[in-house]
Q: 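One structure, pasted below without further comment.
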Amino acid sequence: MQWEVVIGLEIHTQLATQSKIFSGSATTFGAEPNTQASLVDLGMPGVLPVLNQEAVRMAVMFGLAIDAEIGQHSVFARKNYFYPDLPKGYQISQMELPIVGKGYLDIPLEDGTIKRVGVTRAHLEEDAGKSLHEEFNGATGIDLNRAGTPLLEIVSEPDMRSAKEAVAYVKTIHALVRYLGICDGNMAEGSLRCDCNVSVRPKGQVEYGTRCEIKNVNSFRFIEKAINTEVRRQIELIEDGGKVIQQTRLYDPNKDETRAMRSKEEANDYRYFPDPDLLPVVIEDSFLNDVRATLPELPPQKRERFQAQFGLSVYDASVLASSREQADYFEKVVSIAGDAKLAANWVMVELGSLLNKQGLEIDEAPVSAEQLGGMLLRIKDNTISGKIAKTVFEAMASGEGSSDEIIEKRGLKQVTDSGAISAVLDEMLAANAEQVEQYRAADEAKRGKMFGFFVGQAMKASKGKANPQQVNELLKSKLEG
Amino acid sequence: MALERSDVEKIAHLASLGLNDADLPQTTAALNSILGLVDQMQAVNTDGIEPLAHPLEATQRLRADVVTEVNHREAYQSIAPAVENGLYLVPKVID
Amino acid sequence: MHHMTLAEIARGLADKKFSSEELTKTLLARIAELDPKVNSFISITEELALSQAKAADARRANGENGALLGAPIAHKDLFCTQGIRTSCGSKMLDNFKAPYDATVVSKLAAAGAVTLGKTNMDEFAMGSANESSYYGAVKNPWNLDCVPGGSSGGSAAAVAARFLPAATATDTGGSIRQPAAFTNLTGLKPTYGRVSRWGMIAYASSLDQGGTLARTAEDCAILLQGMAGFDAQDSTSVDEPVPDYSASLNTSLKGLRIGVPNEYFSAGLDPRIAELVHNSVKELEKLGAVIKPISLPNNQHAIPAYYVIAPAEASSNLSRFDGVRFGYRCENPKDLNDLYKRSRGEGFGVEVQRRIMVGAYALSAGYYDAYYLKAQKIRRLIKNDFMAAFEEVDVILGPTTPNPAWKIGAKTGDPIAEYLEDLYTITANLAGLPGLSMPAGFVDGLPVGVQLLAPYFQEGRLLNVAHQYQLNTDWHTRTPTGF
């Protein structure tokens with residue numbers, strides 16, 4: 001049987017505010033346990049929440065960026081359940097009236113096509129604390145530093161049909177929230193976490209199959225693996241005559257398997273109701289307009305502009321626009337060097353592989369945009385060849401200074417004096433008299449191949465510094481002569 | 001519709017309240033009499049009436065995003081039943 | 001000395017007739033001697049009181065003045081007091097030394113008030129008799145066999161017994177006004193949002209409001225002045241200027257329109273109380289007020305709606321008491337579930353557990369619309385009744401309670417009988433209106449209260465009416481035998 005996979009995602013993004021959503025505690029990652037847990041975060045008797053304006057602004061910004069309806073009258077509700085990392089016995093979240101309503105995202109797929117994925121809603125809520133296991137002889141330790149960190153939970157429609165699409169969607173969200181500056185996107189620190197709702201159905205069937213939710217998957221790679229593993233499990237289960245039971249599962253990357261969560265075995269009755277300690281959040285048009293005015297250029301617009309302004313291909317433009325830092329870097333290089341295609345090539349190929357090798361992000365690049373732009377200028381004015389440029393680039397990466405300094409210090413300046421080149425060529429041709437004879441005797445087809453040999457010898461003799469175009473021209477006339 | 005003993009057990013579980021078996025009949029009776037009182041609401045016509053969550057119907061004020069809290073862990077944990085290395089301790093949690 | 005009101009104490013301190021320290025010592029000695037009969041205090045904060053009294057005397061010596069500077073008060077034991085047990089009348093918080101001060105506590109401390117102690121109350125403010133306290137029932141100074149009302153029964157009994165002139169209290173469904181009526185006091189529940197709820201341990205967040213218990217309207221004005229005001233830490237606090245309450249006391253009542261709802265005089269009201277209410281109406285008419293019969297057609301639906309909304313909010317508010325970060329924790333929990341269930345089962349009393357369960361049920365899947373949402377709709381009907389009535393009248397007047405104080409134990413085990421006693425007080429909480437109860441006579445030697453309700457933020461008008469009434473009557477000056 002042919003199976004179709006149906007995936008919907010709930011992405012929890014920690015908003016990059018200074019203080020928590022309902023208290024004045026810091027949200028810094030990695031502090032000593034419970035040193036960023038205030039009276040409010042600890043759920044002490046008598047304390048009350050007051051909403052952080054910045055969290056609201058960031059949520060609205062996200063909503064505008066995905067072309068969503070903004071809930072201009074949204075309500076916080078309590079989600080009631082007992083768990084040790086939930087100090088009040090309820091999580092302040094939004095249920096019936098979220099701050100962001102229906103919107104959508106266009107996600108670029110690997111095959112170069114674009115897929116539109118619906119966003120059902122996005123709502124503000126507070127994060128829970130952390131449970132630390134296996135340290136206290138059978139007890140669990142609770143750290144409430146994270147409790148109260150603002151989260152924007154982004155719920156997608158069940159629009160994705162493969163693990164790859166799901167990953168592309170998460171990458172698009174990841175890029176977007178970083179573009180907007182509302183989330184640092186650090187998945188290792190849990191700033192962006194993903195719950196995957198996965199089901200399968202026979203191809204052609206209209207109704208959805210029973211879904212399972214895989215909780216808290218925290219890297220692009222694990223999202224793909226967890227979904228594929230879960231899909232396999234469900235298909236095998238059904239093909240063996242079994243039935244998928246709706247449940248919450250955890251992905252174990254070591255065993256590459258999912259298992260049902262013990263703590264979620266019983267169906268929860270969260271008893272949502274409007275939080276009586278908070279009033280309805282009303283977003284005035286003026287606030288909305290102010291936020292709209294601060295929206296940066298987003299990846300789709302940027303991609304289109306790169307195509308139009310710089311004549312880049314869809315692929316190059318979308319790669320360069322995929323992160324704000326990369327796009328900014330690229331544009332800076334262009335502004336210095338003035339050649340967009342050359343800049344795109346260097347940013348994507350040479351810089352890309354360097355960063356990849358060293359495991360760095362572009363904002364940590366060892367070669368600055370100014371350095372790279374400066375070097376590209378030297379290619380353009382024929383001071384160095386493309387080949388020498390790679391040497392210069394490596395030297396810049398290892399901290400030897402600007403391209404001009406390196407060219408000067410290492411004597412990499414291209415030789416363009418035709419007299420000097422001519423002398424080098426004469427010497428080289430004399431040393432290869434036999435090959436010159438053969439060349440002159442050969443037919444046109446063979447000559448083409450042999451000409452490359454002489455160019456190679458000439459460049460070698462000039463230590464790569466001779467201007468390749470001049471070498472070509474002079475060599476041709478000498479051999480013909 | 002009266003609550004049965006099993007309903008009361010379910011509600012107590014939802015509310016994480018450990019009830020004594022011996023008290024269950026009395027608790028069940030008390031809850032049923034309260035719900036009997038509460039059920040008088042059903043006779044009221046509320047068609048077209050918007051629910052009222054807050055008497056004054058004001059809207060939420062927003063706080064500036066500023067860190068105002070400092071670390072008081074020692075003071076706050078001095079009243080906790082069980083702490084170790086700055087962590088609150090609970091019996092082992094299984095995900 | 002113990003008979004003095006806040007206003008008299010302020011004059012005496014200003015005239016240097018006595019010091020705050022002397023007064024504080026006298027009252028502390030009186031509490032030590034007589035409170036065992038009444039059980040109105042859970043904690044007596046002698047050390048704090050003496051240091052605050054000395055500090056107040058020093059401030060006065062420096063030329064500072066102020067109606068509350070050096071004035072002895074007590075706090076209902078649900079206002080958090082830093083480093084001092086804040087029990088809420090519960091075993092759950094018997095060991096809870098609050099790590100911070102409630103806004104009300106810090107405001108009054110800054111004004112120079114002297115805290116003699118923390119007063120007894122129904123557990124988590126759930127009750128109308130002050131019988132559900134972990135620290136035992138409070139007795140009514142007017143008859144030690146009777147209840148003082150609740151949930152602010154400790155504050156009421158302490159003021160009625162002349163242990164101190166005034167105390168803070170809270171009112172979720174009548175918890176200030178009903179004990180005021182039962183103990184011959186003046187009690188004011190302000191408009192919802194007038195007094196900060198920061199540090200006031202929540203029972204039902206959308207109904208709870210802090211207020212005052214004192215012997216006179218004049219004293220309620222003084223104490224409220226120190227408590228009221230906007231607080232950025234409470235999202236439901238209202239940013240409205242606080243008027244000078246004492247300044248409004250002497251306005252003439254000429255032409256004041258007083259509405260008397262027909263619905264308040266139906267079956268269930270003790271006819272002797274009805275008569276006293278009518279007497280108070282006549283008295284106010286003599287002072288120039290105009291009486292108008294009005295109707296509050298949805299009044300009778302308030303109790304069922306309240307007993308959904310309050311328990312629903314409470315069931316969630318009280319989830320934080322889980323034995324993890326503060327408060328009672330059961331011995332040797334065998335697992336997490338056991339920790340929760342036994343800590344809460346052992347730490348909460350019967351009535352609290354009942355209301356948590358009613359609330360959890362009313363919010364649970366499949367019942368939310370029929371219970372919680374329905375109750376919120378009735379809540380609007382009740383508010384609408386008041387809004388219509390206040391188009392025609394300035395103040396609404398009626399009985400505070402349908403019956404005088406009952407015998408301790410008379411309603412134990414019958415929650416409904418106790419709930420029905422809140423008939424007249426609950427609507428003000430559902431609508432968020434200010435309400436005041438003032439002494440209006442006696443039935444069988446037990447005090448009877450008359451309730452006044454006013455539009456939002458018209459606390460001054462309530463205090464004005466009560467003060468003018470008190471200038472012309474002497475019910476509020478009567479003292480219980482033995483105190």
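Each chain gets a letter, A, B and so on, in the order its sequence line appears, and its residues count up from 1.
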Q: Looking only at atom types and distance, does a side-chain atom of N52(A) sit under 3.5 Å from a main-chain N or O of I21(A), one as donor and one as acceptor?
A: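 No; zero donor-acceptor contacts below 3.5 Å.
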Q: What residue in L363(C), L373(C), T236(C) has the most heavy-atom pairs under 4.5 Å with chain A?
A: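 Going by pairs under 4.5 Å, I would pick L363(C).
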Q: Are Y368(C) and Y361(C), when compared by the centres of their aromatic rings, separated by less than 6.0 Å?
A: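 No, too far apart.
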Q: Residue by residue, which of residues 312-320 of chain C have a heavy atom closer than 4.5 Å to a heavy atom belonging to chain A?
A: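 Residues in range: A312(C), E313(C), S316(C), N317(C), S319(C), R320(C).
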Q: Looking only at atom types and distance, does a side-chain atom of T27(A) sit under 3.5 Å from a main-chain N or O of T17(A), one as donor and one as acceptor?
A: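 Yes, T27(A) side chain to T17(A) backbone: donor-acceptor pair under 3.5 Å.
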Q: Report which part of F79(C) has an atom under 4.5 Å of a heavy atom belonging to chain A: side chain, backbone, both, or neither.
A: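 Neither; nothing under 4.5 Å.
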Q: For the NZ atom on K91(C), are there more than 12 heavy atoms of other groups (residues, nucleotides or ligands in this structure) within a distance under 6.0 Å?
A: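 Yes.
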Q: I need the residue from V324(C), I201(C), L207(C) with the largest number of non-hydrogen atom pairs under 4.5 Å to chain A.
A: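 Going by pairs under 4.5 Å, I would pick I201(C).
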Q: Would you mind telling me which of G89(A), S23(A), P49(A), G43(A) has the largest number of heavy-atom pairs within less than 4.5 Å of chain C?
A: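 Highest number of heavy-atom pairs under 4.5 Å: G43(A).
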Q: Tell me, side chain or backbone of L78(C) under 4.5 Å from chain A's heavy atoms, or both, or neither?
A: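 For L78(C), no heavy atom lies under 4.5 Å from chain A.
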Q: Go through F321(C), F96(C), F326(C) and name the one with the most non-hydrogen pairs under 4.5 angstrom from chain A.
A: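 Among F321(C), F96(C), F326(C), the one with the most close pairs to chain A is F326(C).
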Q: Check whether A365(C) gets within reach of chain A through its side chain, its backbone, both or neither, counting any heavy atom under 4.5 Å.
A: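 Contact with chain A involves both backbone and side-chain atoms of A365(C).
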Q: Going by the angle between their ring planes, with limits at 30° and 60°, are F124(C) and F348(C) parallel, tilted or perpendicular?
A: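 Ring orientation, 0 to 90° scale: perpendicular.
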Q: Between D277(A) and chain C, which part of the residue has a heavy atom less than 4.5 Å away: side chain, backbone, both or neither?
A: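 Both parts, heavy atoms under 4.5 Å.
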Q: Do D94(C) and R85(C) meet the salt-bridge criterion of a basic N to acidic O distance under 4.0 Å?
A: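 Judged by the 4.0 Å cut-off on N to carboxylate O distance, R85(C) and D94(C) do form a salt bridge.
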Q: Does the pair K341(C)/D335(C) count as a salt bridge with the N-to-O cut at 4.0 Å?
A: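 Salt bridge between K341(C) and D335(C), a charged N being under 4.0 Å from a carboxylate O: no.
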Q: Identify which part of D322(C) has an atom lying under 4.5 Å from any heavy atom of chain A, answering side chain, backbone, both or neither.
A: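 Looking at D322(C), just its side chain touches chain A.
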Q: What pairs of residues pass the salt bridge (charged side-chain N to carboxylate O under 4.0 Å, His left out) test when at least one of them lies in residues 44-54 of chain A, not counting sequence neighbours?
A: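 Non-adjacent pairs meeting salt bridge (charged side-chain N to carboxylate O under 4.0 Å, His left out): E54(A)-R57(A).
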Q: For the side chain of Q91(A) and the backbone of E126(A), is there at least one donor-acceptor N/O pair under 3.5 Å apart?
A: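 Between the backbone of E126(A) and the side chain of Q91(A) there is a qualifying donor-acceptor contact (under 3.5 Å).
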Q: Using 30° and 60° as the class limits, which term best fits the ring planes of Y81(A) and Y83(A): parallel, tilted or perpendicular?
A: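 Plane angle between 30° and 60°, so tilted.
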Q: Between S206(C), A362(C), G327(C), G199(C), who has the most heavy-atom pairs with chain A when the cutoff is under 4.5 Å?
A: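 Greatest number of close heavy-atom pairs with chain A: G199(C).
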Q: Any ion pair linking D143(A) and K130(A) (charged N to carboxylate O, less than 4.0 Å)?
A: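 So K130(A) does not pair with D143(A) through a salt bridge.
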Q: Side chain, backbone, both or neither: which part of A98(C) has a non-hydrogen atom closer than 4.5 Å to chain A?
A: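 Contact with chain A is absent: no heavy atom of A98(C) under 4.5 Å.
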